[in-house]
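Comments concern the structure below.
Reckoned from all heavy atoms, side chains included, excluding hydrogens, waters and symmetry mates.
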Amino acid sequence: MSTAAELQAGSPWRQYYALMKPRVVQLIVFCALIGMVLAVPGVPSWAEVWLGFVACVGIWLVAGAAAAFNCLIEKSIDAQMKRTAWRPTAKGQLSDMQALLFSAVLCSIGSAILYFAVNPLTMWLTFATFVGYAIIYTVILKPLTPQNIVIGGASGAMPPVLGWAAMTNDVGPEALILFLIIFLWTPPHFWALALYRVEDYRKSGLPMLPVTHGNEFTRLQILLYTFVLMASCLMPFAYGMSSWLYLTAAVILSVMFIGYAWALWRNYSDELARKTFKFSLIHLSVLFAALLVDHYLFKG
């Protein structure tokens with residue numbers, strides 16, 4: 001992530017790129033790529049590789065558009081929070097019109113690529129994800145309810161579904177299992193962050209769970225969600241999507257996540273909350289990487 005000083009000294013193009021939240025979008029594209037790979041039995045053909053690449057470009061553009069729109073809507077909130085005050089919209093380096101046009105252009109180009117070069121289903125699902133995140137979550141849910149992360153998590157869980165649809169022009173049960181994993185992973189991931197950033201959220205006026213219900217209640221919710229998340233992580237094996245390799249990784253990662261959540265619940269510290277948040281990123285990345293490796297070694 002670029003620092004505020006780097007962005008100040010950077011070119012306007014670098015500021016526009018920062019609006020796209022590159023690290024977040026990279027994770028989105030990675031999860032979409034997992035859906036694409038799992039949808040294709042065996043080693044993909046060159047035509048399928050090209051289709052996947054084009055789909056990734058389209059999804060990347062629309063995801064970047066949603067991120068830019070989010071930065072525009074939340075610029076006053078971002079300006080009050082240390083972790084987001086560096087964003088170009090929050091610092092006034094890009095105007096509202098510049099951010100809005102940038103978002104509209106990215107969304108239009110990405111949607112056109114998906115519609116004409118991939119398939120209409122993927123385009124409409126991706127556009128619905130844009131609306132879900134940029135409008136329903138950012139504008140409506142986030143400022144109104146402490147369950148914003150839970151309900152809004154549906155948009156963040158869509159990438160594997162988009163990837164699956166791109167390769168098959170359909171949404172299968174396997175894609176919905178991947179959706180469920182990310183959907184249940186999202187609350188403990190974000191609530192761990194909210195715990196050690198609670199003063200930022202309180203100052204911004206956002207009704208995040210630690211602000212509205214307190215630290216202890218949030219920690220209990222994180223712990224409970226990690227147990228439910230573990231059950232969902234076992235579903236690819238139970239459904240026959242994967243073998244014992246993935247199951248082993250899923251069990252180890254899930255037990256470790258529960259361990260972090262248990263320690264956080266029993267004895268809170270900002271440092272432990274930060275470690276829990278960082279491990280949640282490792283959990284999802286390694287889990288899906290294990291699913292990918294398992295697919296080629298045993299299920300391809």
Side-chain angles (χ1 to χ4, degrees), residues 1-4 7-8 10 12-29 59-111 124-159 162 182-183 186-187 189-191 193-194 197-212:
M1 180 176 65
S2 301
T3 65
L7 285 170
Q8 257 185 335
W13 291 112
R14 188 169 185 175
Q15 293 167 9
Y16 279 117
Y17 181 64
L19 285 187
M20 296 175 68
K21 301 183 181 179
R23 290 189 177 181
V24 175
V25 171
Q26 285 169 11
L27 183 59
I28 289 172
V29 174
I59 292 169
W60 175 72
L61 289 170
V62 178
F69 190 83
N70 173 270
C71 288
L72 168 62
I73 297 299
E74 296 191 338
K75 65 174 186 176
S76 58
I77 294 174
D78 287 343
Q80 299 178 57
M81 301 177 65
K82 291 180 181 179
R83 74 181 183 91
T84 56
W86 58 271
R87 289 175 179 164
T89 41
K91 294 181 70 65
Q93 295 170 319
L94 294 175
S95 69
D96 290 359
M97 184 56 67
Q98 286 174 312
L100 182 60
L101 286 175
F102 181 63
S103 176
V105 169
L106 289 183
C107 187
S108 299
I109 295 175
S111 296
W124 286 116
L125 287 173
T126 306
F127 183 72
T129 303
F130 172 90
V131 173
Y133 175 74
I135 307 297
I136 297 175
Y137 169 69
T138 301
V139 178
I140 301 174
L141 293 175
K142 193 171 183 178
L144 292 182
T145 170
Q147 292 298 309
N148 45 27
I149 291 300
V150 177
I151 305 170
S155 295
M158 280 296 291
L162 305 181
I182 301 179
F183 180 75
T186 301
H189 164 72
F190 273 106
W191 284 336
L193 169 69
R197 294 288 190 181
V198 63
E199 293 306 319
D200 276 349
Y201 284 113
R202 183 175 286 115
K203 184 167 60 175
S204 70
L206 291 174
M208 297 298 289
L209 197 64
V211 176
T212 60

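Every residue meeting the side chain to side chain contact (heavy atoms under 4.5 Å, CB included) condition with Pro159, not counting sequence neighbours, appears here in chain and number order: Ile28, Cys31, Ala32. Here Gln26 pairs with Tyr17, Pro22 under the side chain to side chain contact (heavy atoms under 4.5 Å, CB included) rule; sequence neighbours left out. With sequence neighbours excluded, no residue forms a side chain to side chain donor-acceptor pair (under 3.5 Å) with Thr145. Shown here are the side chain to side chain contact (heavy atoms under 4.5 Å, CB included) partners of Leu144, two or more places apart in sequence or in another chain: Ile140. The side chain to side chain contact (heavy atoms under 4.5 Å, CB included) test applied to Val131 returns Phe127, Ile135, not counting sequence neighbours. Shown here are the ring pair (Phe, Tyr, Trp, His ring centres under 6.0 Å) partners of Tyr201, two or more places apart in sequence or in another chain: there are none. Under the rule for a side chain to side chain donor-acceptor pair (under 3.5 Å), the partners of Glu199 that lie at least two apart in sequence or sit in another chain are Arg202.
Distance CD1/Ile151 to CZ/Phe183: 8.5 Å, rounded to 0.5 Å. Summarising the geometry, atom CG belonging to Leu94 is positioned 13.0 Å from atom CZ belonging to Arg87; distances are rounded to the nearest 0.5 Å. Within the model, atoms CD1 of Ile136 and OG1 of Thr129 stand 10.0 Å from one another, a figure rounded to the nearest 0.5 Å. In this structure, CG on Leu193 lies 7.5 Å from CE on Met208, to the nearest 0.5 angstrom. Distance check: Met20 CE to Ser103 OG gives 10.0 Å after rounding to the nearest 0.5 Å.
In this structure, Pro88 and Leu19 approach most closely via the heavy-atom pair CD-CD2, 4.2 Å. The nearest pair of heavy atoms linking Thr126 to Ile59 is OG1-CG1, 4.3 Å.
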Hey, mind stepping through Trp191 and Val150 against side chain to side chain contact (heavy atoms under 4.5 Å, CB included) and telling me if it holds? CA-CA 10 Å; Trp191 284 336; Val150 177; 3.7 Å; yes

Taking only distance into account, with no hydrogens and no angle test, what donor-acceptor pairs under 3.5 Å do side-chain atoms of residues 60-76 form with protein atoms, sequence neighbours excluded?
unit_1 : atom_1 : unit_2 : atom_2 : d
Asn70  : OD1    : Lys21  : NZ     : 2.5
Asn70  : ND2    : Tyr133 : OH     : 3.4
Asn70  : ND2    : Thr138 : OG1    : 3.0
Glu74  : OE1    : Lys142 : NZ     : 3.2
Glu74  : OE2    : Lys142 : NZ     : 3.1
Lys75  : NZ     : Asp96  : OD1    : 2.7
Lys75  : NZ     : Asp96  : OD2    : 3.0

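Applying the salt bridge (Lys or Arg N to Asp or Glu O under 4.0 Å) definition to pairs two or more places apart or across chains, none involves residues 128-139.
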